[in-house]
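Every chain is numbered from 1 and lettered A, B, ... according to where its sequence line falls, protein lines coming before strand lines.
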Amino acid sequence: MIPRTRNPEPVLITCTALLFAAAVYAVFFHAPAERVMGLVQKIFYFHLSCALVAFLSFTTACISGVAYLVSRDLKWDVLGAAAVEIGLVFTTLVLATGMLWGRPVWNAWWTWDPRLTTSLILWFIFAAYFILRAAVEKRQQRAAYCAVMAIAGFVDVPIVFLSARLWRSIHPVVIRADGVNMAPPMLTALLVSLAAFAALWGVLLRRRVRILAMAEQIRILEHRLDREPAQARRARY
Amino acid sequence: MNSTFFLIAAYLAIWAGIFGYLLVTGRHQQRLARRLEMLEERISRTEAGQ
Amino acid sequence: MRSAWLVIRKDLRAELRRPQAMIAMLFFGFLLLVILDVAVPAGTEITPETGAGILWVAITFSSVLGLGRSFDREKENHCLEGLLLSPLSPEGLFGAKMAVNCIFMGLAELAILPLFFILYGDAFLRSLPALALVLLLANSGFAATGTLFAAITAGADRNEALLPMLFFPLVMPLIAMAVRATGMIFAGAPLPEYSSWLQVMAAFTLIFTGLGFLVSRHIFRD
Amino acid sequence: MAADDYLEVSGLCKEYEGCRALRDLSFRLARGDFLTLFGPNGAGKSTLLRIIATLTAPDSGRVRVDGADLEDGSEEFRKRLGFISHHALLYDQMSALENLVFSASLYGVADPGARAEELLAQVDLQLHRHRLAGTFSRGMRQRLSIARALVNDPDLLLLDEPFTGLDRQAALLLGELLLVLKERRRTIIMVTHDLDRGLAMASRVGILAGGRLAFLEPRHRIDAAAFAGLYLATINGETS
């Protein structure tokens with residue numbers, strides 16, 4: 001049965017909230033403003049943290065895809081779907097913050113910066129993951145197909161990044177903000193926000209997996225309910 | 001400086017994203033939990049009724 | 001291996017008799033070449049990059065149509081199960097279908113290229129041998145990914161648009177590299193200059209061919 | 001596993017969308033056995049055949065044929081397998097002869113052309129050898145799909161409700177072919193609703209209900225007349 005006692009979650013949520021408070025403090029008060037770009041550079045901390053969460057999610061999706069294909073255990077499929085969903089949400093945030101950060105610095109909403117392009121293509125791949133998930137009825141077939149999609153998507157990342165970098169090598173190489181060496185307080189701010197987002201990722205993944213498992217349980221119960229009355233009736237006659 | 005506008009916009013975007021997602025999943029979880037309890041109760045009633 | 005060759009021969013003979021895939025690919029390829037002419041300012045000589053972009057958009061979209069048809073014949077009367085029941089291994093089936101797709105795309109390109117040179121100026125004609133290498137690499141990359149996801153789409157319910165949605169995001173880097181390399185070839189650059197792009201394309205093809213062979217056992221068996 | 005066991009199925013479980021199609025199913029067959037399985041729809045009969053034919057992966061349990069486990073590679077086994085199901089498994093755009101030659105060469109038959117001609121003769125379709133399978137009438141398609149399934153002269157033949165929807169000629173033909181295979185001591189598993197035909201040819205009779213093998217007895221211990229009543233009782237008993 002699904003453990004519906006929620007005791008671990010509040011503890012996790014409070015600890016994540018604390019980490020977030022520390023991160024906000026570190027980013028806004030502890031870390032100095034960056035000389036060249038000024039305040040706007042502070043977007044970078046959470047921008048990179050979102051990217052970390054997205055990367056963690058897609059790695060989990062790939063690993064659970066391989067695990068499903070090997071073990072054929074549907075719990076891996078549930079974990080994979082939860083991970084991809086979180087990954088998609090945070091990739092959207094990465095793109096949003098990337099553009100909002102790029103606009104003032106390079107006065108263009110979108111630059112074909114290799115990392116941003118990779119995030120964009122990743123966004124399409126894992127959006128396609130959900131389109132595929134909606135197109136297949138049988139659970140085991142859907143799980144196998146989605147596992148392959150998650151693996152293919154993850155395997156594609158290095159190639160996308162490599163080709164985006166090669167693609168750009170024609171354009172003049174723009175000085176990249178994070179290339180600037182980080183003053184120690186900046187580094188601590190970055191590390192704290194990375195930790196906060198990693199904790200957040202843990203909470204979201206746990207919750208999403210429980211929700212998907214609950215939905216599956218409901219489907220099974222409904223299925224049994226549809227059959228139950230028929231058998232009950234026959235037994236009586 | 002207009003660049004602080006973008007800083008604020010970016011942070012709003014992140015908070016909106018995170019809290020929005022937490023809110024949606026939280027409400028979704030409650031709805032499913034209620035539905036699960038209702039179903040289990042109906043199952044136990046039909047099994048008892050048999 | 002021998003039975004994989006049988007499947008290839010069967011598909012080629014059936015295609016010869018009723019060329020469903022080839023007609024779709026050629027028709028769409030020609031159509032795109034003509035439509036894309038709109039993107040070129042009238043009367044000016046097009047730059048190598050634009051030419052490469054137009055060529056590859058036409059090739060990619062026509063390939064997707066061909067790839068979408070790869071399992072159509074197997075879906076009639078559930079013939080796929082007939083193949084899975086036979087000693088032919090799922091890997092063999094994947095390899096056979098990939099080879100068939102490669103051949104079909106090659107044939108389609110043989111027809112699309114002349115029209116491209118007619119429409120967009122045959123100044124690029126001298127770069128044919130180098131172009132053939134890029135085409136070969138891109139074809140095998142498309143075939144590997146396309147066959148894998150055509151098999152998946154064949155399993156999912158009838159949804160015409162499913163394959164392009166799964167296929168294009170994944171092959172985006174391959175298309176980008178092909179366009180970049182072709183642009184340089186059209187501009188007359190020697191091989192060493194664009195060899196790094198070819199290496200990335202080769203890496204893509206190897207990775208996805210390997211992935212296709214590894215997972216085919218799981219895709220064909222429900 | 002006794003020496004003469006040809007097929008051993010042990011602990012097969014399979015669950016589809018929450019309902020359990022097979023629940024820990026186990027049985028053994030000696031070479032040359034003709035097992036008929038009866039059972040209501042949704043009892044897991046087709047699932048069992050598809051698992052033995054390696055078309056579907058079981059959630060748990062094992063299938064061993066001739067001492068070899070199917071999980072460790074079933075290419076050799078599939079060479080000796082025949083499967084007749086509701087699907088014709090024919091390519092509509094290929095002629096009857098081409099379909100059979102393709103299947104024969106796929107199974108590595110010595111002389112595919114001769115084998116195809118021989119099969120066409122057996123199913124009385126020689127006159128239509130060059131006609132496309134898509135243009136065949138229902139009866140002719142059924143006879144051609146029977147020929148296709150027997151192209152590799154299988155050691156193990158699986159039949160999934162073969163007689164439903166067959167016209168008279170195809171049914172007679174299938175009956176004869178099954179008798180021939182029985183005489184050649186081939187192992188056959190037939191799933192059907194047709195009580196009298198199923199009982200007539202079987203050497204062992206089983207009833208599958210609710211994913212479990214509720215009944216499995218040699219044919220000589222079964223009284224044909226009483227079997228219908230027994231069958232209904234088992235089904236009701238099993239699934240309530």
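- Contact record, L106(D) with S3(C): CD1-CB, 3.8 Å, taken as the closest heavy-atom pair.
- Interatomic distance, L90(D) CG to E76(C) CD, rounded to the nearest 0.5 Å: 10.5 Å.
- By the neighbour-count criterion of 12 heavy atoms within 6.0 Å, atom CZ of R80(D) is densely surrounded, having more than that number from other residues, nucleotides or ligands.
- Heavy-atom distances place the side chain of R13(C), and not its backbone, under 4.5 Å from chain D.
- Closest approach of R2(C) to S105(D), counting heavy atoms only: NH2-O, 3.0 Å.
- For chain C, the nearby parts of L55(D) are the backbone and the side chain; heavy atoms of each come within less than 4.5 Å.
- Within the 4.5 Å cutoff, the side chain of F102(D) has heavy atoms near those of the V7(C) side chain.
- Residue E98(D) touches chain C through its side chain alone, counting heavy-atom pairs closer than 4.5 Å.
- Remark: Y91(D) OH to K10(C) NZ distance equals 3.5 Å, nearest 0.5 Å.
- Note that the CG atom of L89(D) and the OG atom of S86(C) stand 10.5 Å from one another [nearest 0.5 Å].
- With hydrogens and angles disregarded, no donor-acceptor distance shorter than 3.5 Å links the side chain of R18(C) to the backbone of Q93(D).
- Heavy-atom proximity under 4.5 angstrom to chain C picks out L132(D), R141(D) from residues 129-143 of chain D.
- Contact record, P87(C) with E75(D): O-CG, 3.2 Å, taken as the closest heavy-atom pair.
- The line from OG of S85(D) to NE2 of H78(C) is 8.5 Å long, rounded to the nearest 0.5 Å.
- Counting heavy atoms of neighbouring residues, nucleotides and ligands inside a 6.0 Å radius, atom CZ of F61(C) does not exceed 12 of them.
- Side-chain N or O atoms of N77(C) include none that pairs as donor or acceptor with a backbone N or O of A88(D) at under 3.5 Å.
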